[in-house]
There are 2 protein chains.
Amino acid sequence: MITRLSSFFLKTLREDPSDAEVISHKLLLRAGYIRRQAPGVFAWLPLGLRVKGKIEQIIREEMAAAGAHEVHFPTMLPREPYEATGRWEEYGDALFRLKDRHGADYLLAPTHEEAFTLMVKDIVTSYKDLPLQLFQIQDKYRDEARPRAGLLRGREFTMKDAYSFDVSDEGLDASYQSQRDAYERIFARLGLEYVIVSADAGAMGGSRSEEFLLPIEIGEDTFVRSAGGYAANVEAYESPVPAESPIEGQPEAVVFDSPDTPTIETLVTHTNAVLTRADGREWNAADTLKNVVLAVTDLEGTRELVVIGVPGDRDVDMKRVEVAFPNAEVEPATPEDFAKHPLLVKGYIGPGAAGAPVLGAKSATGIRYLVDPRVVNGTSWVTGANEDEKHVAYLVAGRDFVADGVVDVASVRNGDPAPDGSGPIETARGMEIGHVFQLGRKYAEALGLKVLDENGKLVTVTMGSYGIGVTRIMAVLAELNHDERGLVWPRAIAPFDVHVVATGKDPSIFETAESLVATLSGAGADVLFDDRPKVSPGVKFGDAELLGVPRVVVVGRDTAEGFAEVWDRAAGTKEKVALADVPALFGA
Amino acid sequence: MITRLSSFFLKTLREDPSDAEVISHKLLLRAGYIRRQAPGVFAWLPLGLRVKGKIEQIIREEMAAAGAHEVHFPTMLPREPYEATGRWEEYGDALFRLKDRHGADYLLAPTHEEAFTLMVKDIVTSYKDLPLQLFQIQDKYRDEARPRAGLLRGREFTMKDAYSFDVSDEGLDASYQSQRDAYERIFARLGLEYVIVSADAGAMGGSRSEEFLLPIEIGEDTFVRSAGGYAANVEAYESPVPAESPIEGQPEAVVFDSPDTPTIETLVTHTNAVLTRADGREWNAADTLKNVVLAVTDLEGTRELVVIGVPGDRDVDMKRVEVAFPNAEVEPATPEDFAKHPLLVKGYIGPGAAGAPVLGAKSATGIRYLVDPRVVNGTSWVTGANEDEKHVAYLVAGRDFVADGVVDVASVRNGDPAPDGSGPIETARGMEIGHVFQLGRKYAEALGLKVLDENGKLVTVTMGSYGIGVTRIMAVLAELNHDERGLVWPRAIAPFDVHVVATGKDPSIFETAESLVATLSGAGADVLFDDRPKVSPGVKFGDAELLGVPRVVVVGRDTAEGFAEVWDRAAGTKEKVALADVPALFGA
């Protein structure tokens with residue numbers, strides 16, 4: 001195929017568009033791949049459509065290799081199935097909702113679990129029809145509060161979403177593994193480095209879930225990994241639980257005056273000044289128990305206060321809180337909340353004090369008290385005494401207070417131990433490029449997807465859900481494959497195999513270029529031919545560098561001597577090559 | 001490629017689904033090509049996706065041959081551009097509208113004129129960049145009042161929409177012709193018979209417009225055609241205008257009593273009884289002038305009464321009225337309308353009476369009076385006298401009354417003359433499968449799309465718009481290609497090249513079939529292989545007939561003797577063929 005730039009629908013921009021923040025957004029706009037239609041909503045120009053199509057083709061091939069069948073669902077779906085699974089509400093403002101002329105409710109699907117579940121319910125009746133994997137490549141909608149970074153976080157985006165259906169948990173494991181393997185092959189073919197991290201399933205529900213994260217500074221996710229191979233989304237990191245200590249022999253709790261100790265740092269300094277530790281060493285932040293008051297609002301709108309105790313050398317990580325309290329909105333308690341609960345003495349809150357326990361299982365407040373997993377029985381803490389300007393030391397878990405439960409929401413730090421014992425972890429930024437979930441039976445139960453098993457008994461099907469963001473992957477590839485002059489696509493997804501640039505005034509140059517282009521195309525290469533008659537070499541070279549076809553052949557002033565110049569953009573080389581030898585470089 | 005039915009995602013239905021009215025809907029559901037998701041909204045199963053993809057591929061190839069570039073726009077678009085062209089309002093209830101979380105208005109695009117116009121405005125600056133043709137294959141939404149007939153009239157449907165951009169009217173003609181030619185090639189490749197009819201441009205605006213209609217009884221459109229080659233949508237038929245007659249010498253108007261004449265038929269009988277025609281022949285329906293009162297409500301909601309006079313042997317065709325009054329809702333006048341206008345004496349309305357003209361340019365009523373093109377000066381009519389139980393005869397146009405205008409909305413009949421003189425027309429039913437429009441400068445003006453012409457002057461671009469309904473075409477192909485047992489796809493769009501059915505208990509049969517399938521696939525055939533181990537021959541044969549792969553090879557009881565049975569579904573033949581000769585039938 002030959003595509004002539006003289007009649008191609010393309011305009012390149014010399015300047016970075018003012019509304020583009022990240023390099024992929026800038027380059028895809030400047031090089032004429034996409035155009036903005038609304039916040040987070042883009043149109044695809046011919047160049048963009050070509051690259052997107054190549055990514056989709058790789059995904060299709062690997063889905064076929066995994067045994068998945070391609071189907072296609074509408075964007076607009078009726079409310080009822082999403083109501084049945086709870087997602088109509090749970091998605092909140094992120095769901096685009098609309099009504100038809102008869103007043104019936106619809107949504108623009110953010111993902112299609114419900115629709116696939118119902119389709120399989122319609123078609124599959126027996127365990128013999130399972131296992132089954134289905135997928136589609138389809139445009140999804142999510143009304144992001146702050147769409148940003150071009151294709152990296154849009155409100156419309158193309159996704160490959162696959163779903164698996166099995167009778168048994170072992171079957172689900174096998175289907176999950178086959179999609180996971182397909183993802184590894186897809187990312188390998190795309191040349192994308194990735195880390196597979198344990199992830200929280202979030203709004204999807206279910207049991208096992210892993211994210212494919214691309215380590216990249218502009219990533220929105222934080223993940224942790226150890227040199228020994230552990231990797232997890234920071235939300236999924238499980239803090240290690242220390243062994244309990246004996247309670248016998250520990251010093252009795254001591255209440256002490258502690259004015260002007262608004263921070264853990266000032267509290268530690270003050271405590272060291274007024275109280276010598278029984279074991280002689282200095283008090284430090286990890287000896288203190290920080291009590292954070294949060295307000296948790298559930299889907300019905302009920303607001304409940306919760307106090308969370310974490311070691312004073314850590315903060316409460318709100319992203320980890322979101323995961324720990326699914327289907328609820330959590331925010332720090334407001335002054336109004338404190339005003340309603342005078343027992344919560346701001347700055348001096350603790351799980352109990354000598355003779356006056358106020359939180360935990362001994363509580364008189366009715367407020368739930370949850371603690372970090374490190375707060376095991378026998379640990380001794382400096383914490384608030386529930387009186388103004390007073391703290392208490394040697395407050396021992398299991399002796400002086402009992403929590404209502406454990407919640408793992410403290411911040412994670414470089415050097416924390418990997419839960420699998422594989423050494424200290426470090427945190428890094430990543431971008432989610434794929435996600436595999438074991439949904440389990442949640443959707444099948446909600447929508448009644450059952451099949452007859454080997455004994456003729458109806459059993460509920462267990463499902464998996466597997467997503468890859470096609471348009472995000474394209475943006476990520478642009479982030480990773482460019483130089484200061486423009487895009488440099490990997491060959492597997494480049495819009496063309498070769499970009500032939502004809503420059504000069506001598507008509508014979510154009511004739512030579514025409515002949516070369518015909519030869520390359522005849523041998524199966526997909527050729528972009530810059531045949532524009534009155535455009536300067538500088539502009540043509542600039543466009544060639546910006547567009548990012550990985551190999552460029554310049555037919556110009558050396559043509560008379562029988563030479564062309566061949567650029568390898570990725571290698572950064574420009575070589576003089578005999579015209580006769582050029583076709584062989586492209587397999588012709 | 002080999003696709004094994006044993007693991008394919010398919011369920012065929014023995015019975016016609018109760019909600020399916022037309023044969024294409026029944027068969028596509030029964031054979032497992034599509035499934036309903038909501039009224040007029042369908043999901044695509046693997047078989048359906050294959051056929052749809054083949055239709056799209058043919059369209060893509062012919063668009064490329066026409067020089068059109070493929071792009072892709074989002075389904076959800078912002079309101080403002082559609083507001084600028086008036087379509088946000090004009091589309092009425094047929095437009096799906098929604099708001100985002102910030103309250104901004106969006107729509108699900110029914111077509112994309114606005115978006116393409118703005119895209120070209122962004123990218124094109126000079127006449128040198130034109131002519132330009134762009135297209136997309138994309139899912140569209142229209143909130144039909146009564147979605148019906150499966151894919152034939154859905155609320156979501158896949159469309160190829162193309163747009164052309166030119167500087168001059170001649171350029172637009174050439175672009176229009178190139179798309180029109182591409183459509184002829186597409187329909188030829190799909191084996192679809194079609195009639196190109198002049199069409200009204202409807203809500204699209206613009207000048208020239210033609211529809212590609214498939215003559216079919218279930219079609220929603222009526223069109224007219226003459227043996228001499230004239231063809232037009234019935235809305236676009238132009239009634240012939242007779243020559244004017246001299247007014248001098250015509251009899252004076254005569255008012256006469258006419259009780260109990262509620263219909264034209266009773267009026268004609270009564271008139272013949274009481275009044276002898278001056279020329280001696282009998283009065284007939286064509287001598288009467290029927291005056292129909294319509295209420296026209298414009299987009300601002302203003303309701304205006306209009307009286308339309310048509311020869312009494314014709315009705316007012318409300319479909320033609322819709323076209324004559326664009327951007328308005330028209331309905332018959334209600335009793336309330338008559339109550340407000342006592343001058344309109346129901347059953348006795350006329351354009352004027354001796355000494356008391358009430359309608360037309362002489363009107364004292366303020367109500368517009370429009371007439372059929374046949375009501376030229378000098379024509380003499382029997383019509384209402386605007387008094388209860390009185391009609392008037394010999395009321396002469398141009399002498400006794402003058403209309404406010406002409407409107408061509410009378411019903412069209414078999415035998416009416418073609419306006420191009422090519423003989424009498426006949427009416428037929430058709431289904432629109434393609435539409436080409438000359439939009440002209442309406443959209444470019446509304447959205448400011450201008451380019452520099454050869455003299456450096458800014459000129460407004462002229463546009464065309466060209467649509468093919470991909471999903472409708474698939475339904476139409478199913479309507480036309482089936483027998484009593486199931487679908488019979490044309491080879492060009494069949495989901496598979498060949499359907500191999502293995503039947504019998506002898507394992508050697510399955511081994512032979514496996515080997516045949518491998519040979520066919522190796523030679524490039526796309527093979528559906530019914531390898532289901534425990535399914536009866538009857539069920540397998542039934543499924544093969546229902547699914548509609550045009551050629552079926554049965555490997556069964558004759559295998560031991562070295563024979564297979566080859567079915568040609570379209571020809572209705574079943575032949576015994578030596579197994580060794582089968583591959584050659586499929587080019588292997």
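These numbers were taken from a predicted model, which means no experiment stands behind them.
A 4.5 Å side-chain heavy-atom check between Pro74(B) and Tyr141(A) finds at least one atom pair inside the cut-off. Contact check for Gln136(B) versus Trp44(A): no side-chain heavy atoms found under the 4.5 Å cut-off. The closest side-chain heavy-atom distance from Leu98(B) to Arg97(A) is not below 4.5 Å.
Annotation: Glu329(A), atom CD; neighbour count of heavy atoms from other residues, nucleotides and ligands within 6.0 Å does not exceed 12. By the 6.0 Å contact criterion, CZ on Arg14(A) is enclosed, its count of non-hydrogen atoms from other residues, nucleotides or ligands being greater than 12. The number of heavy-atom neighbours closer than 6.0 Å to CD of Glu61(A), taken from other residues, nucleotides and ligands shown, is above 12.
Of the atoms belonging to Leu77(A), it is side-chain heavy atoms, and not backbone ones, that fall under 4.5 Å from chain B. No part of Arg50(A) comes within reach of chain B, as not one of its non-hydrogen atoms sits under 4.5 angstrom from that chain. Using a 4.5 Å cut-off between heavy atoms, Phe8(A) touches chain B through backbone and side chain atoms alike. Neither the backbone nor the side chain of Leu13(A) comes within contact range of chain B, judged by heavy atoms closer than 4.5 Å. The contact between Leu49(A) and chain B is made entirely by side chain atoms (from C-beta outward), counting heavy-atom distances below 4.5 Å. Residue Glu80(A) does not touch chain B at all, counting heavy-atom pairs closer than 4.5 Å. Neither the backbone nor the side chain of Ala64(A) comes within contact range of chain B; no heavy atom of the residue lies under 4.5 Å from a heavy atom of that chain. Neither the backbone nor the side chain of Ala104(A) comes within less than 4.5 Å of any heavy atom in chain B. Glu70(A) touches chain B through backbone and side chain together, each having a heavy atom under 4.5 Å away. Neither the backbone nor the side chain of Lys128(A) comes within contact range of chain B; no heavy atom of the residue lies under 4.5 Å from a heavy atom of that chain. For Lys99(B), the part sitting under 4.5 Å from any heavy atom of chain A is the backbone (N, CA, C, O) and nothing else. With a 4.5 Å cut-off on non-hydrogen atoms, Asp122(A) touches chain B through its backbone and its side chain both. Contact of Leu134(A) with chain B is made through the side chain alone, with heavy-atom distances under 4.5 Å.
Atom CZ of Phe73(A) is separated from atom CZ of Arg35(B) by 10.5 Å, given to the nearest 0.5 angstrom. For the atom pair Asp139(A) CG and Asp139(B) CG, the distance stands at 8.0 Å (nearest 0.5 Å). A distance of 8.5 Å separates CG of Leu108(A) from OG1 of Thr75(B), quoted to the nearest 0.5 Å. Taking CZ of Phe96(A) as the start and CG of Asp100(B) as the end, the distance is 5.5 Å to the nearest 0.5 Å.
Counting only distance, with no hydrogens or angles, the side chain of His69(A) and the backbone of Ser7(B) share a donor-acceptor pair below 3.5 Å. Distance alone, capped at 3.5 Å, places no donor-acceptor pair between the Tyr106(B) side chain and the Ala38(A) backbone. Judged purely by atom type and a 3.5 angstrom limit, Lys11(B) has no side-chain atom pairing as donor or acceptor with the backbone of Val124(A). Side-chain atoms of Arg101(A) come within 3.5 Å of backbone N or O of Asp143(B) as a donor-acceptor pair.
Taking all atoms of both residues into account, the shortest heavy-atom contact from Ala115(B) to Gln37(A) is CB-OE1, 4.0 Å. Across Ile123(B) and Leu45(A), no two heavy atoms sit closer than the pair CD1-CD1, 3.6 Å.
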